[in-house]
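Data first, discussion second: the structure below is written as structure tokens.
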Amino acid sequence: MTKCYYCGKIIIENQTKPEHIIPNAVGGKLTSRKILCNDCNCKLSDIDQSLTDSVYVLTNLFNPSRDNKTKSNLPLDFEINKRKFIRESDGKYYSTDNINIEKTGDGKFLLHINALYSTDNGAKEKILKPVFKIIEGFAKKYNWDEAKTLEIKEKTEKQLLEKDVTLEDFPGFIAKIKLNQDKKLFLAMLKIAIGYYTCLGCSIEYIAESIKVLIDRNIEESERRCYYYFPKKFYYNDSIYHTIFIKGDSANQIIYCLISIYGCINCVVLLNDNYKGSDFEESYCYDLRNHKTVPFNKSINISKQELEHSIIETNIDDIINDFKQCFDLFMSFLVQHKITIEEIEQIIDASYETILKKGFLSKDEYKKLLENEIRERMQKATKMMYFLDKQKDELIKIAFLKYSYHYYLESFCITSILSRIIAENLVHTIFTGKTLEECNKTIKQKLLEYKSDVPEITEMLSMNIETYLNEATDFVETQYQQIKKNME
């Protein structure tokens, strides 16, 4: 029997909507139907909203995918050189102070349009909509017919598109991230920690006091249990992640939870400072760029004293510096990184050369080892860190087009077989005084009779026997006299 941790009501799973441990609005994917009833889920929506508001800029910039195909509606207002702009979460931006209507002395009106906007994603339509509304107002006032109204709209749009824009006109902006404006951010982090703990099936008696802090919405107490925390080299830094790590430490008698949203908003939550239970450790990590849950193979030990110091005595300047570093990493995944074809080929070629040194490989072994080698080299290449998994998969496909197993067999096995048969028979022919024709006949017979323990090699020899025979004959006829002379 499952109960709501917030109100104690019995939960009927098939009648309960899933609770997102990390809010859906910021791309949270981990859900449970066993921790909150529908009523309490709704009651706590404002707590989730506090986190959403704190990471508003990050969500606008990244625009993560959400469950139920919901779309972000988080436009970001900003100013550049005293001009007002909006940036929507799909990347389009446009100025908002675009139109000025001037009345001339002869009773006419001049419509001045000074607009800036991105060239894709429908930003132009955002600019034109209010302009066309004004034109339609003029049309109604002065009784223009439909043809004239359409003509003026088309002329206006054309003039707008032909406007020269200098590089300085394009807006960039300095994002201002306002954390914890409503003082509920740490309650939101506490809710995430409680939600993850309870979805693991752990006993709620150990975190009853933390649950009471959430129920009472005790902001002061939440600040004693939770604060910003940036452990060094703990969170993954090769993509953008949501991460939760929770640990029950019987030796230090504590349960604590580390939470990272977008890899930027990092906090520690003390769920219990008098824990009498067994040791446990669990983690959850979701790669937002590649849309997948990944194993989180890291751990951290924090004493009760260290937790208290982090929550109570952390220097605000240190927090700001840590956050800046995390934000810079976050932004590095949002800008375009270029890698040359030569750099990609270097990774693929070096991987293949490494595989050639491993001795003969079956088809499955070859495919596995070459792919692993390429992925390891891509992992070490700084520029490749910014590639999505699907882009790396495409590069793997390209590698196998260039270095197929057929190519490997030819370069590693067939060439070796041909060389050995030719060398043995050429030397034997010279020492025994046989003719060149006899040598070629023997080589042909050896190739036709050759059987390898590897079916793929025998099959390849059989399918391409004429080609290999011609190559062998050409080589023998070209090199016979020179080799004979050298051996005399």
Side-chain angles (χ1 to χ4, degrees), residues 2-9 11 16-56 58-59 64 66-67 179-229 241-248 254-262 264-273 282-286 307 311:
T2 304
K3 292 184 179 181
C4 170
Y5 75 73
Y6 195 83
C7 70
K9 179 181 175 181
I11 293 175
T16 304
K17 62 184 180 181
E19 156 70 2
H20 284 79
I21 307 302
I22 296 173
N24 184 40
V26 299
K29 299 295 181 182
L30 182 62
T31 63
S32 175
R33 297 178 186 270
K34 299 180 179 181
I35 61 176
L36 284 175
C37 65
N38 291 336
D39 290 340
C40 293
N41 193 328
C42 293
K43 285 179 184 177
L44 291 168
S45 61
D46 66 309
I47 302 295
D48 289 338
Q49 188 62 47
S50 178
L51 173 61
T52 301
D53 291 343
S54 287
V55 297
Y56 189 98
L58 304 179
T59 303
R66 298 163 182 80
D67 291 338
L179 296 176
N180 202 20
Q181 291 294 292
D182 61 358
K183 305 298 183 181
K184 296 179 185 176
L185 175 61
F186 297 136
L187 282 175
M189 290 297 188
L190 181 63
K191 177 178 177 288
I192 291 174
I194 292 171
Y196 185 58
Y197 175 90
T198 52
C199 86
L200 294 172
C202 301
S203 174
I204 65 172
E205 68 175 283
Y206 289 121
I207 61 166
E209 291 184 9
S210 291
I211 292 174
K212 187 176 187 306
V213 173
L214 183 62
I215 292 172
D216 295 342
R217 296 172 179 259
N218 190 331
I219 291 175
E220 185 176 345
E221 183 60 29
S222 72
E223 292 173 348
R224 293 195 186 100
R225 294 173 178 266
C226 177
Y227 202 59
Y228 306 109
Y229 186 64
Y241 295 97
H242 288 331
T243 308
I244 308 174
F245 173 87
I246 193 167
K247 183 166 185 171
I254 51 176
I255 302 175
Y256 56 90
C257 183
L258 275 67
I259 301 167
S260 178
I261 305 298
Y262 292 129
C264 290
I265 311 301
N266 300 341
C267 290
V268 61
V269 179
L270 179 60
L271 285 171
N272 186 328
D273 61 358
E282 297 288 345
S283 60
Y284 168 79
C285 188
Y286 186 79
L307 278 173
I311 293 174

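Both backbone and side-chain heavy atoms feed into the values below; hydrogens, waters and symmetry mates do not. In this text the structure is predicted, and so the values were computed from the model without any measurement.
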Looking only at heavy atoms, what is the nearest atom pair of Ile11 and Arg33, with distance?
CG2-O, 3.2 Å

Could you tell me if the side chain of Tyr197 sits less than 4.5 Å from the side chain of Tyr206, heavy atoms only?
yes

Just checking, is any N or O donor in the side chain of Ser260 or Asn266 under 3.5 Å from an acceptor N or O on the other one?
yes

For Arg66 against Pro64, the heavy-atom pair lying closest together:
NH1-O, 2.5 Å

Any side-chain heavy-atom pair of Thr52 and Thr59 under 4.5 Å
no

Could you walk me through whether Leu44 and Leu36 pass the side chain to side chain contact (heavy atoms under 4.5 Å, CB included) check?
CA-CA 10 Å; Leu44 291 168; Leu36 284 175; 3.9 Å; yes

Considering all heavy atoms, the nearest Ile211-Tyr5 contact:
CG2-O, 3.5 Å

List the atom pairs, donor and acceptor, that lie under 3.5 Å between side-chain atoms in residues 184-192 and the rest of the protein, sequence neighbours left out.
residue : atom : partner : partner atom : Å
Lys184  : NZ   : Asp46   : OD2          : 3.0
Lys191  : NZ   : Glu19   : OE2          : 2.5
Lys191  : NZ   : Asp48   : OD1          : 3.0
Lys191  : NZ   : Asp48   : OD2          : 3.4

Partners meeting salt bridge (charged side-chain N to carboxylate O under 4.0 Å, His left out) with Lys3 (sequence neighbours left out):
none

Heavy atoms only: give me the nearest Tyr196-Ile21 pair and the separation to one decimal.
N-CG2, 3.7 Å

Are any of the side-chain heavy atoms of Leu214 and Lys212 separated by less than 4.5 Å?
no

Euclidean distance, Asp67 CG relative to Thr31 OG1, rounded to 0.5 Å:
7.0 Å

4.5 Å side-chain heavy-atom contact, Cys264 and Leu58:
yes

Counting C-beta onward and ignoring hydrogens, is there a side-chain heavy-atom pair between Leu258 and Ile244 closer than 4.5 Å?
no

Are any of the side-chain heavy atoms of Ile259 and His242 separated by less than 4.5 Å?
no

Close side-chain approach of His20 to Lys29, heavy-atom, < 4.5 Å:
no

Min side-chain heavy-atom separation Lys17-Cys42 under 4.5 Å:
yes

